[in-house]
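Worksheet: one structure, shown below.
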2 protein chains.
Amino acid sequence: MTTYPGDRPGPPEPRWLSDDEQRTWQAYLHATTLLEDHLDRQLQRDAGMPHVYYGLLVQLSEAPEKRLRMTELAEGAKITRSRLSHAVARLEKNGWVRREECPSDKRGQLAVLTEEGEAMLTRSAPGHVAAVRQALFDRLTPEQTESLGAIMAIVAEGLQPSGSGADLPWRR
Amino acid sequence: MTTYPGDRPGPPEPRWLSDDEQRTWQAYLHATTLLEDHLDRQLQRDAGMPHVYYGLLVQLSEAPEKRLRMTELAEGAKITRSRLSHAVARLEKNGWVRREECPSDKRGQLAVLTEEGEAMLTRSAPGHVAAVRQALFDRLTPEQTESLGAIMAIVAEGLQPSGSGADLPWRR
DNA sequence: GCCGTTTTGTTCAACTTTCAAGGAGAGTTC
DNA sequence: GAACTCTCCTTGAAAGTTGAACAAAACGGC
């Protein structure tokens with residue numbers, strides 16, 4: 001039985017989390033699962049769909065012509081194309097989204113927000129914003145909001161499928 | 001057509017998110033979905049289970065006697081009892097958890113971490129910690145870590161099924 | 001043009017999560 | 001101790017997600 005650290009290649013000593021980090025991680029997990037859950041229920045109740053689906057509609061509503069290529073939509077929502085296919089199929093069945101062929105690329109599909117979809121969004125947006133506000137922003141100081149934004153931007157940046165070149169040896 | 005705000009009951013003017021808040025919210029959504037996804041894949045690959053399930057094993061491993069009542073486990077993980085039932089069934093099938101009757105309450109069940117479960121945990125913990133570290137803590141300053149912890153604690157507190165008395169008129 | 005590669009979006013099967021319903025024991029009241 | 005109510009946990013079906021496999025179109029030499 002040899003003792004780490006420091007001799008030979010062998011498995012590197014894992015650097016555990018400090019107490020502070022553990023507490024932060026725990027709080028992070030609790031907060032994120034509770035919040036996602038909360039919003040899922042809120043939207044399922046008031047809009048008849050889960051939070052992710054709602055996000056798709058929002059994204060479409062902000063897009064030029066209220067339409068986006070499937071891949072763009074998936075990337076914007078940070079979900080897989082497969083998941084999006086199912087989601088759009090469901091939203092289509094609800095009449096909130098319609099598919100159109102992409103004129104420039106015959107492989108492509110455009111997801112288009114319908115009138116009904118827009119109406120549904122207008123109807124449920126206030127309640128949803130209120131829920132987000134009540135769970136998050138109303139409880140934070142402006143400094144905390146600012147800080148949270150910065151932190152989350154860093155984390156997202158680091159996990160981006162493309163932009164994560166920092167510590168990946170095979171990328172330049 | 002009357003104009004809000006301020007006359008009569010009517011639907012209250014929704015208070016929209018400021019630009020800062022919108023950016024923060026967007027970053028939050030991106031970061032949390034990317035991170036959860038990332039960890040899910042990491043654990044699915046290295047431990048053969050999703051992140052939530054892994055969390056259950058961790059919780060058991062830290063409990064006295066390496067066992068917990070189903071309800072306690074569910075509360076600790078912030079998931080429903082139903083979800084836990086299914087999860088434990090699956091983990092049991094893998095041999096990582098075993099169920100035992102609760103001596104003091106015949107309705108109760110204890111989830112117990114098995115030897116194999118503990119072994120699996122020991123085997124996969126280093127990789128998982130590394131993943132968390134790489135995605136989160138290695139990118140934050142100590143002040144940011146501290147700040148994130150505080151913020152998440154506030155949010156979790158506010159959504160706690162029980163402790164959320166702050167703005168609920170029907171409590172007290 | 002032709003061939004190999006890449007991109008796009010869908011589909012299938014396996015798995016996970018949700019929601020409503022329900023059985024069984026514990027607690028409470030009279 | 002009977003009748004109510006509540007808590008504990010499970011179940012089954014429906015909804016959602018995942019990962020691998022796939023067809024079709026686009027791209028990139030050569």
Side-chain angles (χ1 to χ4, degrees), chain A residues 32-34 36-56 67-94 96-112 161-162, chain B residues 33-34 36-56 67-94 97-112 161-162:
Chain A
T32 53
T33 63
L34 285 171
E36 183 59 14
D37 237 61
H38 183 65
L39 296 182
D40 262 337
R41 282 187 224 295
Q42 186 267 316
L43 283 170
Q44 191 68 54
R45 178 164 49 74
D46 299 348
M49 66 189 133
H51 187 201
V52 188
Y53 290 23
Y54 183 89
L56 296 174
R67 70 197 58 212
L68 282 174
R69 283 289 294 267
M70 293 295 277
T71 297
E72 296 178 278
L73 187 49
E75 283 170 356
K78 314 299 178 198
I79 65 178
T80 61
R81 287 193 297 279
S82 171
R83 190 175 174 182
L84 180 63
S85 265
H86 291 293
V88 168
R90 201 277 222 179
L91 291 172
E92 207 170 13
K93 208 173 297 179
N94 282 280
W96 296 328
V97 163
R98 156 171 47 88
R99 285 182 219 244
E100 270 182 26
E101 313 238 312
C102 177
S104 59
D105 185 339
K106 278 175 188 163
R107 293 168 303 178
Q109 292 279 106
L110 292 169
V112 188
S162 58
Chain B
T33 63
L34 285 171
E36 183 58 12
D37 240 60
H38 183 64
L39 296 182
D40 261 338
R41 283 187 225 294
Q42 186 267 317
L43 283 170
Q44 192 67 56
R45 177 164 50 72
D46 300 347
M49 67 188 133
H51 188 199
V52 188
Y53 289 25
Y54 183 88
L56 296 174
R67 70 198 59 212
L68 282 174
R69 284 289 292 266
M70 293 295 277
T71 297
E72 295 178 279
L73 187 48
E75 282 170 357
K78 313 301 179 198
I79 65 178
T80 62
R81 285 191 300 274
S82 171
R83 188 175 175 184
L84 181 62
S85 265
H86 290 293
V88 167
R90 201 275 220 181
L91 292 172
E92 207 170 11
K93 209 173 297 179
N94 283 281
V97 163
R98 156 172 47 90
R99 284 182 219 246
E100 270 182 27
E101 314 238 311
C102 176
S104 59
D105 184 339
K106 276 176 189 164
R107 295 166 303 179
Q109 291 279 105
L110 292 169
V112 187
S162 58

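Chain A is the first sequence line, chain B the second, and so forth, proteins listed ahead of strands; every chain is numbered from 1.
Picking from D:dC8, C:dT10, D:dA25 the nucleotide with the shortest atom distance to the side chain of A:Asp105 gives D:dA25.
Distance CZ (A:Arg81) to P (C:dT6): 14 Å, rounded to an integer number of Å. We find that CG of B:Leu43 is positioned 16 Å from C1' of C:dC15, with the value rounded to whole Å. Between the NE2 atom of A:His38 and the C1' atom of C:dT17 there is a distance of 19 Å, given to the nearest Å. In this structure, the OH atom of B:Tyr54 is 17 Å from the P atom of C:dT16, given to the nearest Å. When rounded to the nearest whole Å, the span between CG of A:Leu84 and P of C:dT10 equals 7 Å. Nucleotide C:dT10 holds its C1' atom 14 Å from the CD atom of A:Glu101, rounded to whole Å. Distance CE (A:Met70) to P (D:dA24): 19 Å, rounded to an integer number of Å. Taking atom NZ of residue B:Lys93 and atom C1' of nucleotide C:dT16, one finds them 12 Å apart after rounding to whole Å.
B:Ala111 meets the side-chain contact (heavy atoms from CB on, under 4.5 Å) test with B:Leu60, B:Met70, B:Leu73, B:Val97; sequence neighbours excluded. Under the side chain to side chain donor-acceptor pair (under 3.5 Å) criterion, A:Arg41 pairs with A:Asp37, sequence neighbours left out.
Counting only heavy atoms from C-beta outward, the side chains of B:Arg98 and B:Leu110 never approach each other to under 4.5 Å. Using a 4.5 Å cut-off on side-chain heavy atoms (C-beta onward), A:Pro50 and A:Leu39 make no contact.
No salt bridge links A:Glu101 with A:Lys106; every basic N to acidic carboxylate O contact stays at or beyond 4.0 Å.
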Donor-acceptor contacts under 3.5 Å from residues 86-93 of chain B side chains, at least two apart:
from: B:Arg90; atom 1: NH1; to: B:Gly48; atom 2: O; distance (Å): 3.3
from: B:Arg90; atom 1: NH2; to: B:Gly48; atom 2: O; distance (Å): 3.0
from: B:Glu92; atom 1: OE1; to: B:Arg99; atom 2: NE; distance (Å): 3.0
from: B:Glu92; atom 1: OE2; to: B:Arg99; atom 2: N; distance (Å): 3.4

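Separating the CZ atom in A:Arg81 from the CD atom in A:Gln109 is a distance of 13.5 Å, to the nearest 0.5 Å.
Counting only residues at least two apart or in different chains, side chain to side chain donor-acceptor pair (under 3.5 Å) contacts with residues 43-53 of chain B comprise B:Glu36-B:His51, B:Gln42-B:Asp46.
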Reading nucleotides 13-23 of chain D from the 5' end, what letters show protein touch, with B for base, S for backbone sugar-phosphate only, - for no heavy atom under 4.0 Å?
-> ---SBBB----
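In this structure, the side chain of A:Asn94 does not engage the main chain of A:Trp96 through any donor-acceptor pair within 3.5 Å.
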Taking N or O atoms only and anything under 3.5 Å, show me the protein contacts with nucleotides 22-24 of chain C, one pair per line.
none

